[in-house]
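Below is one structure, written out as structure tokens, with a few remarks after it.
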Amino acid sequence: MIAETALPKAPKYDDNLLRNLGLVGVLLVLVVIGIVTRPELYSDPSWVRDNILTILQQASAIGVVTVGMTFVIIGGGIDLSVGAIIALAGVWSTTLATQSYGAGGMIFTALVVGVAVGLVNGVLIAYGKLVPFIATLAMLVSARGLAAQISGKQTQVSANETINSLATAKPLGIPLLVWILALVVGAGWVLLNRTTFGRRTVAVGGNPEAARLAGINVKRHTVLLYVLSGLCCGIGAIMLTSQATSAQAAMANLYELDAIAAAIIGGTLLSGGRGTIVGALFGVLVFSTITNLFAINNLATEVQNMVKGGIIVAAVLLQQFRYRSFTNLLRRRNVGNNS
Amino acid sequence: MIAETALPKAPKYDDNLLRNLGLVGVLLVLVVIGIVTRPELYSDPSWVRDNILTILQQASAIGVVTVGMTFVIIGGGIDLSVGAIIALAGVWSTTLATQSYGAGGMIFTALVVGVAVGLVNGVLIAYGKLVPFIATLAMLVSARGLAAQISGKQTQVSANETINSLATAKPLGIPLLVWILALVVGAGWVLLNRTTFGRRTVAVGGNPEAARLAGINVKRHTVLLYVLSGLCCGIGAIMLTSQATSAQAAMANLYELDAIAAAIIGGTLLSGGRGTIVGALFGVLVFSTITNLFAINNLATEVQNMVKGGIIVAAVLLQQFRYRSFTNLLRRRNVGNNS
Amino acid sequence: MTAILRLSEVVKTFPGVRALDGVHLEVREGEVHCLLGQNGAGKSTLIKVLAGVHHADAGEILWQGEPFAPASPQAAMRAGIATIHQELDLVDDLSVAENVFLGHEPSRFGFTRRHGAAARTRTILTELGHPEIPPGRLTRDLPAAGKQIVSMARALSHDARLIVMDEPSAVLAHDEVANLFRIIRELTANGIAVVYISHRLAEIREIGDRVTVLKDGRTTAAGLPARTPTRELVGRMTGRAFEYVFPPREAKAGAAPLLEVCDLSRAGEFAGVSLTVRPGEIVGIAGLVGSGRSELLETIFGARVADRGTVTLDGRRITGVGQAVAHGMGMAPEERKSQALLLDEPVFKNMTLASFTGFARAGFTAAGRERAAARRTADNLELRPRDVDRPVRTLSGGNQQKVVVGRWLLGHTRLLLLDEPTRGVDVGARAELYQVVHDLAADGVGVLLVSSEVPEVLGLADRVLVMREGRLIHEAPAGELDEDTVLDLVMAGSLMEGEAA
Amino acid sequence: ACTSNDTGDNAQVRTDTGGDNGNAAAGPKVIIGFSAPAADHGWIAAITNNAKAQAGAYSDVELRPVEAGSDAAAQRAALSTLIAQKPNVIVMLPHDGKELNATGLEAMRAGIPVINLDRAFPSAAAYRLQIKGDNYGMGLAAGQYIGEQLKAKGVSNPVIGEIPGIDSLELTQERTAGFNAALATFGFKVANRRPAEFTADSGQAAATSLLQALPKLDALWNHDDDQGIGVLAAIKQANRSEFFMVGGAGSKAAIDAIARDDSVLKATVTYSPSMASSAISLARLIGQGKGLSDLVELQVPKEITLASETITKDNASKYAKLGF
Ligand SMILES: Nc1ncnc2c1ncn2[C@@H]1O[C@H](COP(=O)(O)OP(=O)(O)OP(=O)(O)O)[C@@H](O)[C@H]1O
Ligand SMILES: Nc1ncnc2c1ncn2[C@@H]1O[C@H](COP(=O)(O)OP(=O)(O)OP(=O)(O)O)[C@@H](O)[C@H]1O
Ligand SMILES: [Mg+2]
Ligand SMILES: [Mg+2]
């Protein structure tokens, strides 16, 4: 038997849960700041409802991309090309030729472009042994270049009513894009936590050597992770195209930074092997709520930026603080039990 | 006693040397492409000389920043705020108030701002336990915001002739900025390879726990690394300001990506613990030579971008290829010796 | 009994190293075949070839009579060879059950069947005598011994004909080893063959049927009976003749205490620990895995913050690692890879990690002098290979341990804390390490030693402390204790004197 | 602005160079170096296309475009290469006038007249001709229009929104300053200002935020018609129509929408990329030492600022062909 003390009592608390609670706390604080600063807006329930839906809708495309990014990071990689993939997929799916195939053709094109670029990323990284940072940075540059080439550097307007209506449709009163986000987050959660693919992702990112020794095809799995990220970008491209009713080579600018930041704030380790989908979603929502807070208070860009950096730091510190003090509390209680 | 044959010979070749050789090869290939595509330019020796100096001069500011970045990455961190620090330092040192103190005051201000921001980064990361990615991303946003605030979003012209002449001075026929780059690279090399500071950096990045248990003050060292990066940004800010004879909040845009990419291409491990200054310099030169190649061939930007991604990938693959085949060669020779 | 595995003339080279240089091995159905050899002899490399991790450069492998060259770990597993690797090969952020079934998860359409996996894991763990390990717990929460058991469970989760165990007992305490042997006997009774690697000859004599000895990548003796006298086995490995060689020494008494620990406590780890170490004295701490000894050492060293109590070295309070090192304390931590080594850096830089500042002049390092000093230490420790410019990563485990100990021989260390210093260290190197520790003590250095090998504690230490569940429960001169007494104390905690602290 | 690169019926280019214009006759050959930032935006793309098309219309002009890359440093590098090739005239649209001032000086010192397109150099010695749009005037025009409309409607305390482009650019600052100045004359001010990045998706995001912050809105000025595609989409998605909107720059899509009068977009204030065509024509004249034939002066003037015009439903048909 392992000595009793060597098997600490099952942690009743869960790291991830606490982290997410911390983020919920951060969100609450942001909302309270909103209420305090703009009470007249928050006193109207229908505005509040709309506002929540707006925040969610604005988070939807980047949220989908962040789900893919979270998988890539948990799997030990990074994907700097997500914004560029969105641009390429968006531009490709809104060329006049593609638009002539209708909404189905456009969606299909966006997804195929996303998957194909992801595949190239994955193969370069897994089989070409390129560092993910460099491979996807190169892809960022190339894909944006190709998107500019295809679009002739013009904003391509989507004339397809079905595509454009994706952004306006509200089944059951909730925007379709929010439903899509919910679906992708749900699917991502199941994929990460309930499938062999997800469990292997953790293994590949956490201890690639152990994964290899356990018979997992680490290279193939790595390729699949980038393909998954590319697929999410394809979905994101459709969502963003429908929102802007157009696509252009410069769209989704710096989405890579936003997605990585959201994933990390949500508790995903940049070094791989650990992360949560729900946390990533909260990370995205924090950013989207901050933007909303700035908008309703009409902050100037420069002040906005100064404050935003501070909020990010405060959010992470707050989250850590909650987490640590909670853990200490529970640890002390546990020790009490032991001795 | 163990038989002599069983004593494994230490590999006599050096990873870093080979890697750098690979990068020199990449540079040569780029130059050859230049010669083939624009023979008329390359047939003029004085143009070639000028061109080399231009490439070096264009590489100088980002090169200085990359030296600091390389230290941070070797030490297990990352600094996404370098571009923003340059902007803040540049803007601060070109306010009318600062300019009234003359060139000395401007340089002093830029360096102090760089160091101060680096200090904040370092303290947040080492003592606030923030992930470097998030802390420096927050700093990126904040510092650019502050720079916009200070400059009133205007481009601030430097009226100081001494500062402006830094970019035009050519002691011994070589631009002063190139001398500065050489100096910083030289100092960086000595610092990394010949001082206790460099040794600590490798230890802290390679295995922070081992470093801590060997009595190294990991936190303090981490702070120093970000301060060093900030200092390099301060120097870079002066260089860039003199080149542009002005500073603005949006300057040095995306320098962080360029500097990280150059460091990694130069053989620095993103996970820390390993890296070379000379490699980082070569990484910067590769990028700067690519830009030059595009300029003399007047490639359209979108084509440029498409090609650039491909060149980066090819460069890294070429470098790896050389490395591997070289290793194999040496391995075979060694094995022959042993048996 | 038929041979299910037969290797002949197997060769495997790494850059600059011929790790296997003509290995012969024959394993029969249902036997426990032990592999013996010094650190770096090639044992782990050999089993990695069998497990499909490395591919042999030359030689023949017959598995169940057929030529065999597994292309991947999966291929080896499918063929019926399961392996417990020397370095723990678990994923910290997966649960116990997920680790056990990693790569061959019970699943339906890609969805894991968690309850099925948990149930089967529980069954296997129960067979292993560890029903207390919850299948749903994250592996990172388990102590090293628990992880070793999970590794074992993983090997058993395959339908294997041959199970290879690379130093499974290194992190196990005494009773754990007995349990391991029970399992091995059950396996062999079912006709499963076991290849067993260990540096402890007593274990080999107890569980082994036959022994193959490797030296410098070559088989020097194949299929010897396990009862072969120690002298001959050790001779085949090293040219020495004894397993534990403790140089005789006399305890110095009377000197004022060098280290004084007073009522030291850390919540959940240990409580009320008081002890002293005098200059030139070796104090050993015995205890079960998980009794809190490592945490105690780390707290004394200043690497963890005590909740209560004080540590003084020569009358000076120690509150942090930097200060501890500056005042002459050194520690060889338990997990050398994660806590002590810069794997990609050369040996000499690892050795001088705590002292390079001392070699430096005005902040400039003196690589030449560091190298020379490291070379002298490498000679003292009989490091193999003697090359101090080689990255530590390419050294075998035992030699890596010597590098860690060597680090504290370079400075002006006056108190050395050793946590499991001989884990994974071969017989020859072990004797060398013991000699080094004795020499240090003779020079007046105080040593505080933690080891799970009771003979080691008894043989090496002047004074022994017994720790149980975070408390010191007994203290006596080494001469007054024997192995059984210590084991009783460690496990039951109260047997004889019962003077619980 | 879903236009192609083909310039078949591009009204932004003057192709009737064979008319009674005294300067039309072919003169000595002029090599014009041209540099504008990488276009990821309709307006800049139109600038480059117009310059190329206009140069193509002259038999005595050879255009040497050099790519300026994505920032001021890249453009500096590209221009040094160009200067070394000694073209007769250089036309450049700098990333930032102040940051490229030194390059302008360098070219002028090398004896190459520099035509600064749109983004002024601080020192007068750095250029021979400055031709630019009127950013301040654009804001002024938009503010004027909005003020008048609201006043006509009798709105006393209107809620006005503003969606600028990249906020760190000086041109954005000038536009905003003009806008605020015009509104001030009516006693109005901007209630909320959400900058975008000259792209449609950023326009959509900024507009969505702005609409959320202002549950009731009377008028909105969006600085740029290209990002306006996204702004209009956001307005539609939010199902809002209680206000009217003014655009900026004068893209074809915007002018068409104004003419149709089926959306909140009621007007746009021009900032025409046709200035690039004019710059090439003037560069040719400067290269050949000619003046503007309608003027008395023998040389081309040093400063030309285009007027910003307001396009509404009433005059949209006139401007339809000028949209880019
Ligand atoms: N991946 C590798 N690259 C280079 N050399 C290696 C590698 N793996 C092992 N070696 C070398 O091969 C030799 C045999 O190592 P191996 O790990 O098989 O020894 P071992 O008998 O298992 O020793 P120990 O008892 O310490 O575990 C050693 O000299 C080691 O340094
Ligand atoms: N990371 C951790 N999180 C929670 N508890 C831990 C952790 N590491 C160790 N513990 C607990 O601390 C106590 C002491 O464990 P530890 O394994 O260090 O003891 P030990 O006597 O040094 O045993 P060993 O022989 O394995 O070194 C045990 O209760 C263990 O479960
Ligand atoms: Mg081994
Ligand atoms: Mg321990």
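Labels below follow one simple rule: chain letters A, B, ... track the order of the sequence lines, proteins then strands, and each chain is numbered from 1. No experiment lies behind these values; they were computed from the predicted model shown. FYI, side chains are in, hydrogens and waters are out, and symmetry mates aren't considered; it's all heavy atoms of this structure.
- Of the two parts of His104(C), only the backbone, made up of N, CA, C and O, holds a non-hydrogen atom closer than 4.5 Å to a non-hydrogen atom of chain A.
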- [ ] Starting from the C-alpha separation in whole Å, work towards a yes-or-no answer on side-chain hydrogen bond (donor to acceptor under 3.5 Å, both in side chains) for Ser294(C) and Glu334(C).
- [x] CA-CA 7 Å; Ser294(C) 298; Glu334(C) 179 176 22; 2.6 Å; yes
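- Listed options Arg108(C), Arg154(C), Glu105(C), Arg113(C) were ranked by heavy-atom pairs under 4.5 angstrom with chain A; first place goes to Glu105(C).
- When heavy atoms are compared at a cutoff of 4.5 Å, Asp93(C) approaches chain A by way of both its backbone and its side chain.
- In this structure, a donor-acceptor pair under 3.5 Å is present between the side chains of Arg293(C) and Ser452(C).
- Around CH2 of Trp179(A), the count of heavy atoms belonging to other residues, nucleotides or ligands within 6.0 Å does not exceed 12.
- The greatest number of non-hydrogen atom pairs below 4.5 Å with chain A, out of Pro106(C), Gly103(C), Gly52(C), Gly136(C), is found for Gly103(C).
- Within the 3.5 Å criterion, the main-chain N or O of Arg304(C) finds no donor-acceptor partner in the side chain of Arg266(C).
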